[in-house]
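Right, one structure below, let's go through it.
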Amino acid sequence: MPELAEVEFYRKQWRRGLKQKILAVELHPGARIFRGADIAALRRALTGAALLNCAAHGKQLFFRFSGPAWLGLHLGLTGRLRVEPPRALPGRHDHLLLRQRGQCLVFSDPRQFGRVRFHRGRAPPPWRRNLPAPILSNLFTPAAMDRFLRRHARSPLKAVLLMQQGFPGIGNWMADEVLWRAGLLPSRPAGSLKPAEAKKLYRELRRVCRGALRTVARDNGDPPPAWLFHRRWRRGGQCPRDGAPLRRAQIGGRTTCWCPCCQKEGV
DNA sequence: TACAATGTTTTAAG
DNA sequence: CCTTAAAACATTGT
């Protein structure tokens, strides 16, 4: 599920627990999402601690607690964060519950591709440092994007857009949306773009991120009606721009949707 | 039934 | 050491 904007939406769910103490931590010790994490230390440190800060970076979520202690969450493909009444009972896929006075913060993930990380100490944990430049930050420059594209010059554009080291927060539907709006075939080698094409890719990339944040992150709703998003899974889906039947294929290991009419091979 | 699903990580090959 | 591609992970829904 979660790409950039959905992750931001889920961050805002748990944000409702800011400044409040964790009265109890409940978790499923064997759950796969805890792989590699020190569960005993997590439980010990967070019980009685206050949630001081929350931040989203691409698809990653960071929560800082008094102590100090850090919780890193990745939602994988099916992870969600929600807020329940204080005494709510955990459902089948609710693997982590942080009970507070006013509410209970819940992390659920049926498929468990998601992940929980824990770190104790004042300094930010290793997994919180040296993160790639956020796409909407001023560190994400056209030159930086071009460098990344050239570094993966032989891979299809679609696959490169999915790389979190270069495009943090971009996932399957956002990548298709960006390429559709930029008029670029997903199968184009990333190193084959002419300057004008790279410029267009950059602009549409930022536009899609902004648009998704404005709509999806607000209330977990849908992107704007004219976006490819609404047609891409539909059988017999048509291009919102020219009505041409959409094509689908596996590119970069993922199902990819594009319009053969307005997304062209370079000269 | 069999396959695919808004994602990473590991493994292996070039 | 770097890039690239494919398989693996676990569960649900069509």
Side-chain angles (χ1 to χ4, degrees), chain A residues 1-11 28 30-37 56-61 72-81 90-96 107-117 126-127 131-132 135 147-180 186-192 205 208-209 211-213 215-224 227-237 246-258:
Chain A
M1 249 179 174
E3 301 179 22
L4 187 80
E6 291 97 333
V7 170
E8 172 62 11
F9 170 79
Y10 290 125
R11 180 189 73 84
H28 291 162
R32 200 183 126 78
I33 54 164
F34 294 112
R35 58 194 180 279
H57 189 288
K59 295 176 188 170
Q60 313 228 52
L61 286 161
L73 300 185
H74 194 291
L75 302 175
L77 203 51
T78 53
R80 330 171 82 145
L81 302 186
R92 176 153 141 69
H93 300 297
D94 298 341
H95 306 298
L96 174 65
F107 177 19
S108 72
D109 184 3
R111 215 165 144 183
Q112 297 204 65
F113 290 176
R115 178 165 202 164
V116 176
R117 288 183 165 110
W127 35 265
L131 299 169
I135 293 172
R147 261 197 309 281
F148 192 81
L149 292 180
R150 273 199 301 277
R151 195 169 137 202
H152 300 283
R154 309 180 58 138
S155 293
L157 271 176
K158 170 65 183 274
V160 178
L161 280 173
L162 290 175
M163 295 179 182
Q164 300 301 294
Q165 276 307 308
F167 301 96
I170 298 299
N172 204 20
W173 78 255
M174 288 184 85
D176 285 358
E177 195 74 48
V178 169
L179 292 171
W180 173 68
S187 54
R188 278 281 290 281
S192 73
L205 179 64
V208 166
C209 287
L213 285 172
T215 53
V216 178
R218 174 168 298 278
D219 53 2
N220 207 14
D222 281 346
W227 284 24
L228 182 69
F229 177 90
H230 302 279
R231 324 282 181 106
R232 62 185 306 262
W233 295 126
R234 217 178 280 171
R235 263 185 322 129
L246 296 169
R247 299 272 305 270
R248 261 180 249 163
Q250 290 280 123
I251 301 177
R254 310 293 300 279
T255 298
T256 298
C257 175
W258 74 94

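Chain letters run A, B, ... following the sequence lines, proteins first and then strands; every chain starts at 1.
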Could you give the side-chain donor-acceptor pairs of residues 152-169 of chain A under 3.5 Å, partners two or more places apart or in another chain?
from	atom 1	to	atom 2	distance (Å)
A:Lys158	NZ	A:Asn172	OD1	2.6
A:Lys158	NZ	A:Asp176	OD1	2.8
A:Lys158	NZ	A:Thr256	OG1	2.8
A:Gln164	OE1	A:Gly169	N	2.9
A:Gln164	NE2	A:Leu162	O	3.1
A:Gln164	NE2	A:Ile170	O	2.8

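- Remark: C:dT4 base-pairs with B:dA12. Criterion, Watson-Crick or G-U wobble with two distances under 3.5 Å.
- Judged purely by atom type and a 3.5 angstrom limit, A:Thr215 uses its side chain to pair as donor or acceptor with the backbone of A:Gly211.
- We find that CZ of A:Arg115 is positioned 6 Å from P of B:dT9, with the value rounded to whole Å.
- At distances below 3.5 Å, not a single donor-acceptor pair connects side-chain atoms of A:Thr255 with backbone N or O atoms of A:Gln250.
- Within the nucleic acid shown, A:Arg254 comes within 4.0 Å of at least one base atom, counting heavy atoms only.
- Considering only heavy atoms from C-beta on, A:Pro132 comes within 4.5 Å of A:His57 through its side chain.
- Within the 3.5 Å criterion, the main-chain N or O of A:Leu228 finds a donor-acceptor partner in the side chain of A:Glu177.
- Taking side-chain N and O atoms only, A:Ser155 has a distance below 4.0 Å to OP1 or OP2 of C:dA5.
- Scanning residues 159-167 of chain A for heavy-atom distances under 4.0 Å to DNA chain B yields A:Gln164.
- Under a 3.5 Å cut-off, the side chain of A:Arg35 and the backbone N or O of A:Arg32 do form a donor-acceptor pair.
- Rounded to an integer number of Å, the gap from CG of A:Leu157 to C1' of C:dA5 is 17 Å.
- Between A:Leu213 and A:Leu4, some side-chain heavy-atom pair lies under the 4.5 Å cut-off.
- No side-chain heavy atom of A:Arg92 sits less than 4.5 Å from a side-chain heavy atom of A:Pro110.
- Using modelled atom types, one side-chain atom of A:His74 and one backbone atom of A:Gly76 make a donor-acceptor pair closer than 3.5 Å.
- Using a 4.5 Å cut-off on side-chain heavy atoms (C-beta onward), A:Leu131 and A:Gln60 make contact.
- To the nearest angstrom, P of B:dT8 lies 13 Å from NE2 of A:His57.
- Between the CZ atom of A:Arg150 and the P atom of C:dC2 there is a distance of 18 Å, rounded to whole Å.
- Atom CZ of A:Arg248 is separated from atom C1' of B:dA4 by 11 Å (rounded to the nearest Å).
- Across the protein-nucleic acid pair, A:Arg151 atom CZ and C:dC1 atom P stand 14 Å apart, rounded to whole Å.
- Note on A:His93: a side-chain N or O is less than 4.0 Å away from OP1 or OP2 of C:dT12.
- OP1 or OP2 of C:dT12 sits under 4.0 Å from a side-chain N or O of A:Arg92.
- Separating the NE2 atom of A:His152 from the P atom of C:dT3 is a distance of 6 Å, rounded to the nearest angstrom.
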Are any protein N/O atoms closer than 3.5 Å to N/O atoms in nucleotides 6-10 of chain C? If there are, list each pair with its distance.
from	atom 1	to	atom 2	distance (Å)
C:dA10	O4'	A:Arg111	O	3.2
C:dA10	N1	A:Arg111	NE	2.5
C:dA10	N1	A:Arg111	NH2	2.6
C:dA10	N3	A:Arg111	NE	3.0

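- B:dT11 and C:dA10 have their P atoms separated by 15 Å, with the value rounded to a whole Å.
- Rounded to an integer number of Å, the gap from A:Arg147 CZ to C:dT3 P is 14 Å.
- In this structure, A:Thr78 does not reach the B:dA5 phosphate: none of its side-chain N or O atoms is under 4.0 Å from OP1 or OP2.
- Close to B:dG7, at under 4.0 Å from its OP1 or OP2, lies no side-chain N or O of A:His74.
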